[in-house]
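The figures here come from the full heavy-atom set of this structure, side chains too, leaving out hydrogens, waters and symmetry mates. For the single chain, residues carry numbers from 1 onward in sequence order. These numbers come from a predicted model, not from an experiment.
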Amino acid sequence: MELEGRRGLGSAPGLALTTPEWEQKRRPEAEAGAAGPGAVRARRFLLCLYLVGFLDLFGVSMVVPLLSLHIKSLGASPTVAGIVGSSYGVLQLFSSTLVGCWSDVVGRRASLLVCILLSALGYLLLGAATNVFLFVLARVPAGIFKHTLSISRALLSDLVAEKERPIVIGHFNTASSVGFILGPVVGGYLTELDGGFYLTAFICFSVFILNAGLVWLLPWSEAKLGSTGNGLQWGKTHVLYGKSDCDVQEAAPTRGARTREKTARPPWVEVVSALQDMKSLIFSEMWDIFLVRLLMAVAVMLYYSNFVLALEERFGVRPKVTGYLISYSSALGATAGFALGPILRLYKHDSHTLLLHSSALTCTLLLLYSTAPTVGTVIFSSTLLSFSTAIGRTCVTDLQLTVGGARASGTLIGLGQSVTAVGRVIAPLLSGVAQEVSPCGPPSLGVALALVAIFIMSLNKPRSGGDVSDKLKSE
């Protein structure tokens with residue numbers, strides 16, 4: 001109304017300042033001024049979520065590299081140590097989808113707090129474990145509830161517009177990766193002290209408690225759901241505060257949440273109901289996305305599976321130098337999130353095409369690594385692989401949410417993590433068989449799997465989430 005009034009005054013004699021050109025210049029400034037406080041609060045909320053991701057992987061990566069050494073010090077045989085290590089992956093495999101769906105039903109805030117606190121309990125028990133039985137028992141809470149990153153990504157998908165989602169998730173992955181890089185450095189230093197492992201586990205527990213406090217103190221009441229199907233519109237989009245349908249802590253308006261309001265059924269019943277509703281949709285509409293995720297995950301895992309051994313056998317590179325190369329690649333992969341925004345704008349926010357091209361680049365680089373004649377070629381391929389794989393992971397997650405719709409983002413992201421967990425089980429088996437042929441066998445097999453993924457993506461055209469979302473609404 002104010003702008004219309006000014007426009008009316010502009011037609012009066014003697015008011016030459018209010019020309020149409022002046023109005024066009026003034027309008028964005030007025031809108032920016034109105035959205036300024038909201039944008040600042042939104043940015044603060046997102047930065048806090050990035051800190052949650054950083055602290056989560058920082059605490060975990062302090063302890064995880066030390067687990068194999070500690071369980072052996074407790075008297076476990078290599079076979080028992082391997083079984084204990086794989087049990088965590090099995091728990092993650094079955095719990096990822098369930099916890100993700102549960103977060104859709106009960107809300108992001110409650111599920112985040114429960115997962116963080118129970119994971120903290122697991123690492124506290126780990127620090128108190130004095131025998132193999134207690135060690136195994138301590139891994140159970142973390143194996144079931146260590147899904148902080150998945151729920152955080154689902155929350156981010158609730159908070160931002162669809163075009164901004166891959167960029168924000170890329171930044172979140174970058175913050176988490178920095179924590180994963182710094183954590184082993186701190187853990188390696190602490191473990192050299194007397195009782196180093198127990199001290200490290202207790203510090204990890206403290207980091208998780210700090211993270212829970214951060215989640216509790218987040219300004220949930222300031223962030224409100226917008227009127228669009230994509231959830232909150234933050235940042236450069238219209239920020240909606242004040243009057244709204246519900247808070248962010250109630251997550252997205254999922255089908256399970258709406259049904260719960262009507263029938264007041266227990267959360268576990270809602271979780272089962274939501275999974276049954278989505279099962280046929282996932283297998284009929286999204287099978288190709290999850291299959292591509294599995295194939296590319298196994299391909300990259302095969303590349304890393306014998307990286308140290310292959311460089312030593314092929315080029316005589318010492319494990320210490322290989323460790324530096326892995327850290328270098330990890331650091332570059334962490335920075336890929338910052339490059340995702342310009343790349344997406346170049347692709348006009350077409351995640352399907354970007355995923356196809358990044359997968360083709362990954363396949364080419366795996367082939368180059370497999371046939372590398374010199375260490376320099378290995379460094380070159382590793383440098384670009386860190387970028388292509390990081391971008392591919394973000395794009396496939398965004399594609400899941402785009403096709404599946406944001407109504408069940410926790411379930412979709414959790415299912416994606418379960419698919420990746422299947423890859424963690426398959427990859428070591430395939431790697432062992434491929435290494436019987438050649439040190440270059442695992443990455444060569446990875447090339448074949450990546451080619452299959454590219455072929456599947458080429459045959460299946462990109463789809464929007466409208467059809468699937470409509471089906472979810474109608475059920």
*asked:* Parallel, tilted or perpendicular: which one describes the rings of W102 and F145, with boundaries at 30° and 60°?
replied: perpendicular
*Take N460 and W287, measure what side chain to side chain contact (heavy atoms under 4.5 Å, CB included) needs, and give me the verdict at the end.*
CA-CA 11 Å; N460 291 273; W287 65 269; 4.2 Å; yes
*Ignoring hydrogens and angles, tell me if any N or O in the side chain of S96 forms a donor-acceptor pair with the backbone of L93 under 3.5 Å.*
no
_Nearest heavy atoms of L399 and S351, plus distance in Å_ = CD1-CB, 4.4 Å
_Testing the 3.5 Å rule here: is there a donor-acceptor pair between the side chains of S386 and S329?_
no
*Identify the heavy atoms of S152 and L112 that sit nearest to each other, and give their distance.*
OG-CD2, 3.8 Å
*Taking the six-membered ring where the residue is Trp, are the ring centres of F208 and F58 under 6.0 Å apart?*
no
*M286 side chain near L412 side chain, heavy-atom distance below 4.5 Å*: yes
_V378 side chain near L368 side chain, heavy-atom distance below 4.5 Å_ = no
*asked:* Determine whether K146 and D56 satisfy the following criterion, side chain to side chain contact (heavy atoms under 4.5 Å, CB included), listing intermediate values before the conclusion.
replied: CA-CA 9 Å; K146 176 58 187 70; D56 183 84; 2.6 Å; yes
*Taking side chain as C-beta onward, heavy atoms only, is V168 less than 4.5 Å from S157?*
no
*Just by distance, with hydrogens left out, do T174 and Y50 show a side-chain donor and acceptor under 3.5 Å apart?*
no
_Nearest non-hydrogen partners of P442 and A434, listed with the distance_ = N-CB, 3.6 Å
_I'd like to know whether F380 forms a ring-ring contact (aromatic ring centres under 6.0 Å, His included) with Y369, so could you lay out the CA-CA distance, the side-chain angles of the two residues, the decisive distance to 0.1 Å, and finally the verdict._
CA-CA 9 Å; F380 174 77; Y369 164 75; over 10 Å; no
_We want to know whether T148 and N211 form a side-chain donor-acceptor pair, criterion being a heavy-atom distance below 3.5 angstrom._
no
_pair H147-Q417: side-chain heavy atoms closer than 4.5 Å_ = no
*Closest non-hydrogen atom pair, G143 against S95*: O-OG, 3.3 Å
*Hey, what do you get for CD (Q435) to CG (L302), rounding to the nearest 0.5 Å?*
9.5 Å
*Go through the steps to decide whether S458 and L356 satisfy the test side chain to side chain contact (heavy atoms under 4.5 Å, CB included), and finish with yes or no.*
CA-CA 8 Å; S458 301; L356 176 61; 3.9 Å; yes
*At what distance, to the nearest 0.5 angstrom, does CG of L49 lie from CZ of F45?*
5.0 Å
*Taking C-beta and beyond as the side chain, do Y123 and I203 meet within less than 4.5 Å on heavy atoms?*
no
*asked:* Within the 4.5 Å heavy-atom criterion, are L182 and V178 side-chain neighbours or not?
replied: yes
*Between R293 and Q400, does any side-chain donor sit less than 3.5 Å from a side-chain acceptor?*
yes
*Give a yes-or-no answer on whether the side chains of T394 and R153 include a donor-acceptor pair shorter than 3.5 Å.*
no
_If only side-chain N and O atoms count, and only distance matters, is there a donor-acceptor pair under 3.5 Å linking T97 with S418?_
yes
_Test item: side-chain donor near acceptor, R165 and T402, under 3.5 Å_ = yes
*Going by the side-chain contact (heavy atoms from CB on, under 4.5 Å) test, name the single residue among S431, S444, S382 that passes it with Y303.*
S382
*How many angstroms lie between CD1 in I413 and CG in L401, if you round to the nearest 0.5 Å?*
4.5 Å
*Does the side chain of L67 come within less than 4.5 Å of F135's, by heavy atoms?*
yes
*Per the side-chain contact (heavy atoms from CB on, under 4.5 Å) rule, which among V292, L295, T353 passes with M457?*
V292
_Using 0.5 Å steps for rounding, measure from the OG atom of S409 to the CG atom of L159._
9.5 Å
*Check S388 against L365 and note the closest heavy-atom contact, atom names and distance.*
OG-CD1, 4.1 Å
*Rounded distance (nearest 0.5 Å) linking atom CG of L325 with atom CD1 of I379*: 6.0 Å
*Are any non-hydrogen side-chain atoms of D350 and L354 less than 4.5 angstrom apart?*
no
*Kindly give the heavy-atom pair with the smallest separation between S61 and G183, and that separation in Å.*
OG-CA, 3.1 Å
*Taking atom CG of L385 and atom SG of C363, what is their separation to the nearest 0.5 Å?*
10.5 Å
